Each structure stands twice: as structure tokens, then as C-alpha cells.
Amino acid sequence: MYRIPILRVEEFLLVSIQMDLDDALAMRLQDDLTNNISRHHARGVLIDISGLEIVDSFIGRMLADISAMARIQDCHTIVVGMQPAVAITLVELGLSLSGVQTALNIDQGMRILRKLPAEWGEEETDERE
């Protein structure tokens, strides 16, 4: 069975989805990604969906679920490269993707991820005061 490659870049994981996902492949990606977050103690995940031309409610929900699972593992998720047709479809399906941060491209997503650990540290300090 085919797997979506998950690359480690510094303290982050990069997933580039360059083909339309069926439900089984999406579930495998979810499992592989949560395992890799744990194994590598990743602080962030960048999911490039520029290769996705269509989505359905299952794939939209899977993106939200991956983000939620990563957050529980103290890992931030950013989805980048969303095609306009995919964005329109997600809105038409009524999927808000709550908790999923987006960026236009990989460069912008990486800049956001690199800023996050310092911001998280400041939040933790504020909570203790």
C-alpha cells in the first residue's frame, strides 16, 4: 500500500500530498503522522496540500483531526498550498477546520512554525505568574 512521505526538517515534519487521497490512504497518513510526531518529538507539522484538486467531507475532517491530534501531542499544524477550488469546496461542505492554521505556501508556513516555540514559551511563563 502506498504511503505519503513524511520528512523531518529541523524540529518539524513536512508532509506533501501530491495526489488525491482515498479514505484508506488518509487514515494511514493520520496514523503515520501521529507516530512520527511522537518518535521525533516534532514541534510542528507542515502539510502541503497543493497537489489536492478535490476534497470531500472525510478528507476535510481528517485534516482537522490531524491538527487536533498533533495539538494534543504539543505540536502545531499548518496546512499550506490550498487550491481555490479546495477552499470553496470546504466552505460549501460547511467544514470550518477549526484549529487548523493555514498559510499560502511552504515558505510562509515554515516562518510561522519557526516563530511558534518562542511564543509558546512566553505563554507558559505568563500562565505561571
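If you're wondering where the values come from, they're calculated on a predicted model, not measured in any experiment.
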task = Output, in order, the C-alpha distance, side-chain angles, deciding distance and verdict of side chain to side chain contact (heavy atoms under 4.5 Å, CB included) for I4 and L33.
result = CA-CA 9 Å; I4 303 291; L33 194 52; over 6 Å; no
Atom of Q18, atom of S50 and distance for their closest heavy-atom approach = NE2-OG, 3.3 Å
message = For the CD1 atom of I112 and the CG atom of D107, what is their distance to the nearest 0.5 Å?
response = 11.0 Å
ask   = Sub-3.5 Å donor-acceptor pair from the side chain of E11 to the main-chain atoms of A42, do we have one?
value = no
ask   = What are the two closest heavy atoms between L52 and Q83, and how far apart are they?
value = O-CG, 3.4 Å
ask   = Short question: side chain of D48, backbone of L14 - any donor-acceptor pair under 3.5 Å?
value = no
task = Check whether any side-chain N or O of S38 sits under 3.5 Å from a backbone N or O of N35 as a donor-acceptor pair, and report yes or no.
result = no
task = Provide the closest heavy-atom pair for V45 versus C75 in the form atom of the first, atom of the second, distance.
result = CG2-SG, 3.6 Å
task = Evaluate the criterion side chain to side chain contact (heavy atoms under 4.5 Å, CB included) for residue pair H76 and Q101; output intermediate values, then yes/no.
result = CA-CA 9 Å; H76 196 85; Q101 187 169 0; 2.7 Å; yes
inquiry  = Show the nearest heavy-atom pair for residues Q30 and I66, with the distance to one decimal.
reply    = CG-CG1, 3.9 Å
ask   = Is the shortest heavy-atom distance from the side chain of Y2 to the side chain of R28 under 4.5 Å?
value = no
request  = Would you kindly confirm whether I47 and L116 end up in one hydrophobic cluster when ILVMFWY residues are joined by side chain heavy atoms under 4.5 Å apart?
outcome  = no
task = Check A64 against L97 and note the closest heavy-atom contact, atom names and distance.
result = CB-CD2, 4.2 Å
message = Distance check, rounded to the nearest 0.5 Å: T77 atom OG1 versus F12 atom CZ?
response = 12.0 Å
key: Approximate separation, where rounding is to 0.5 Å, of E53 CD and M19 CE   = 12.0 Å
request  = Using the test side-chain hydrogen bond (donor to acceptor under 3.5 Å, both in side chains), find all partners of S57 that sit at least two apart in sequence or belong to another chain.
outcome  = none
message = Measuring from atom CE of M82 to atom CD1 of I88, what distance do you get when rounded to the nearest 0.5 angstrom?
response = 11.5 Å
request  = Group every Ile, Leu, Val, Met, Phe, Trp and Tyr by side-chain heavy-atom contacts under 4.5 Å, then state whether V15 and L21 land in the same group.
outcome  = yes
Joint hydrophobic cluster, V100 plus I78, side-chain heavy atoms closer than 4.5 Å = no
query = Would M62 end up clustered with I37 when hydrophobic side chains under 4.5 Å apart are linked, directly or stepwise?
reply = yes
inquiry  = Membership question, hydrophobic clusters at under 4.5 Å side-chain separation (ILVMFWY): are V79 and L13 in the same one?
reply    = yes
note = Only one of I59, V55, I54, L25 passes side-chain contact (heavy atoms from CB on, under 4.5 Å) with D20, and that residue is I54
ask   = Do D32 and I6 have side chains that get closer than 4.5 Å, going by heavy atoms?
value = yes
task = Identify the two heavy atoms, one from Q108 and one from L104, that lie closest to each other, and give their separation to 0.1 Å.
result = OE1-N, 2.6 Å
query = Hey, what do you get for CG (D31) to CZ (R3), rounding to the nearest 0.5 Å?
reply = 9.0 Å
ask   = Is the closest basic N to carboxylate O distance between E10 and R43 below 4.0 Å?
value = no
query = So, do L29 and I17 sit near enough that their side-chain heavy atoms are less than 4.5 Å apart?
reply = yes
